[in-house]
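Written below as structure tokens is the structure these notes are about.
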Amino acid sequence: RQYGGYEYSQQSGFVPPDMMQQQQPYTGQIYQPTQTYTPTSAQSFYGSNFEDEPPLLEELGINFDHIWQKTLTVLHPLKVADGSIMNETDLAGPMVFCLAFGATLLLAGKIQFGYVYGISAIGCLGMFCLLNLMSVTGVSFGCVASVLGYCLLPMILLSTFAIVFSLQGTMGIILTAGIIGWCSFSASKIFISALAMEGQQLLVAYPCALLYGVFALISVF
């Protein structure tokens, strides 16, 4: 019987019309049902993603090509710095250079690892505040630490020279002054290139020279 568009059966009560659909005939076999969904294998699904992933060292922020280019920029003070590469928070090279600087001091009989990392942290913090006040775009703390750490490379040459020869004479003072100027000039050149601070290199080089002067004092005395 039908009551208001619904069919009534004694077994199940009122049944809506949309549930009274004609059953589809079963076309599969008893032990071999028809497969309507073909799952995609994990290899085909993730294969393209694995191929597109960058190498593990690049995911960790270690790019040997950029490290080599930054090192050449520091070793060649007259080379034009690439601002796109220098404006990176790459701390792999600076950590190695700080460790090498402390190791050369250790060979000279000076255990100064704590002073090296402590002065580096204070100097990076001071330069970070100063550059954010001077530049329009601003700079991150990681970028400041990266640039100052890479420019520590000439100071390693000074501490290596101090292993064999004394730096407390006239020649030592001249060599130390040259190394301080080398480090500060390279750091200021990279900062003005990365932050678009044309005409302010001397203003940036002065605080850099103060920082590297402290490292030079550790090497000399």
Side-chain angles (χ1 to χ4, degrees), residues 69-91 93-98 100-102 104-105 110 112 114-162 167-221:
Q69 292 183 16
K70 292 179 182 180
T71 305
L72 290 180
T73 303
V74 175
L75 293 177
H76 197 301
L78 301 179
K79 181 182 179 181
V80 179
D82 189 356
S84 61
I85 296 178
M86 294 302 171
N87 197 7
E88 295 179 354
T89 58
D90 174 26
L91 298 179
M95 291 295 292
V96 174
F97 291 159
C98 287
F101 181 61
T104 52
L105 292 177
K110 305 172 184 177
Q112 305 290 352
Y115 286 103
V116 170
Y117 286 103
I119 295 172
S120 299
I122 297 175
C124 291
L125 182 60
M127 287 298 300
F128 169 72
C129 298
L130 182 63
L131 290 175
N132 279 312
L133 292 175
M134 295 178 60
S135 63
V136 179
T137 58
V139 63
S140 63
F141 183 81
C143 178
V144 174
S146 177
V147 173
L148 293 178
Y150 274 104
C151 293
L152 189 66
L153 181 58
M155 198 62 61
I156 300 176
L157 301 178
L158 180 65
S159 60
T160 304
F161 187 81
L167 298 176
Q168 298 184 12
T170 304
M171 293 301 297
I173 294 175
I174 296 175
L175 179 61
T176 302
I179 292 295
I180 294 174
W182 185 359
C183 295
S184 58
F185 181 80
S186 299
S188 60
K189 175 189 65 175
I190 295 173
F191 280 132
I192 64 173
S193 176
L195 302 177
M197 299 171 60
E198 289 80 6
Q200 304 183 42
Q201 185 171 1
L202 292 178
L203 296 176
V204 179
Y206 176 69
C208 293
L210 294 179
L211 174 61
Y212 291 114
V214 177
F215 290 119
L217 290 175
I218 298 176
S219 301
V220 174
F221 300 102

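Bear in mind the structure is a predicted one, so any value in this text is a computation, not a measurement.
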Would you name the heavy atoms of Val139 and Phe128 that are closest together and state the gap between them?
O-CE1, 3.1 Å

Quick one: CD on Gln112 to CZ on Phe101, what's the gap to the nearest 0.5 Å?
9.0 Å

Residue pair Leu157, Trp182: steps toward the side-chain contact (heavy atoms from CB on, under 4.5 Å) verdict:
CA-CA 11 Å; Leu157 301 178; Trp182 185 359; 4.1 Å; yes

Nearest heavy-atom contact between Phe161 and Leu175 is CD2-CD2, 3.5 Å

Please name the pair of heavy atoms, one in Ala162 and one in Leu167, separated by the smallest distance, quoted to 0.1 Å.
CB-CD1, 3.5 Å

Taken to the nearest 0.5 Å, the spacing of Met127 CE from Asn132 CG works out to 10.5 Å

OG (Ser120) and CG (Leu148) are apart, to the nearest 0.5 Å, by 8.5 Å

Can you tell me if CZ on Phe141 sees more than 12 non-hydrogen neighbours from other groups inside 6.0 Å?
yes

For Cys151 and Val74 the tightest heavy-atom approach is CA-CG1, 3.9 Å

Leu105 versus Ser219: any side-chain heavy-atom pair under 4.5 Å?
yes

Can you spot which of Ile179, Ile173, Ile180 makes a side-chain contact (heavy atoms from CB on, under 4.5 Å) with Thr176?
Ile180

With a cut-off of 6.0 Å (strictly less than), are more than 12 heavy atoms of other residues, nucleotides or ligands near CG of Leu75?
yes

Look up atom NZ in Lys110 and atom OH in Tyr115, then write down how far apart they are to the nearest 0.5 Å.
13.0 Å

So, does Ser193 use its side chain to make a donor-acceptor pair with the main chain of Lys189 at under 3.5 Å?
no

Can you confirm whether Leu202 sits close enough to Tyr206 that some side-chain heavy atom of one is under 4.5 Å from a side-chain heavy atom of the other?
no

For Val144 and Cys124, the nearest pair of non-hydrogen atoms, with its separation, is CG1-O, 3.7 Å

Non-hydrogen side-chain atoms of Leu195 and Val204 separated by less than 4.5 Å:
no

Let me confirm one number: the CZ-CG distance from Phe215 to Leu211, rounded to the nearest 0.5 Å.
5.0 Å

All heavy atoms of Gly142 vs all of Leu91, minimum pair found to be O-CD2, 3.9 Å

Looking at CG of Leu130 and SG of Cys208, how far apart are the two atoms once the value is rounded to the nearest 0.5 Å?
8.5 Å

Sidechain-backbone polar pair: Ser186 side chain, Cys183 backbone, donor-acceptor under 3.5 Å
no

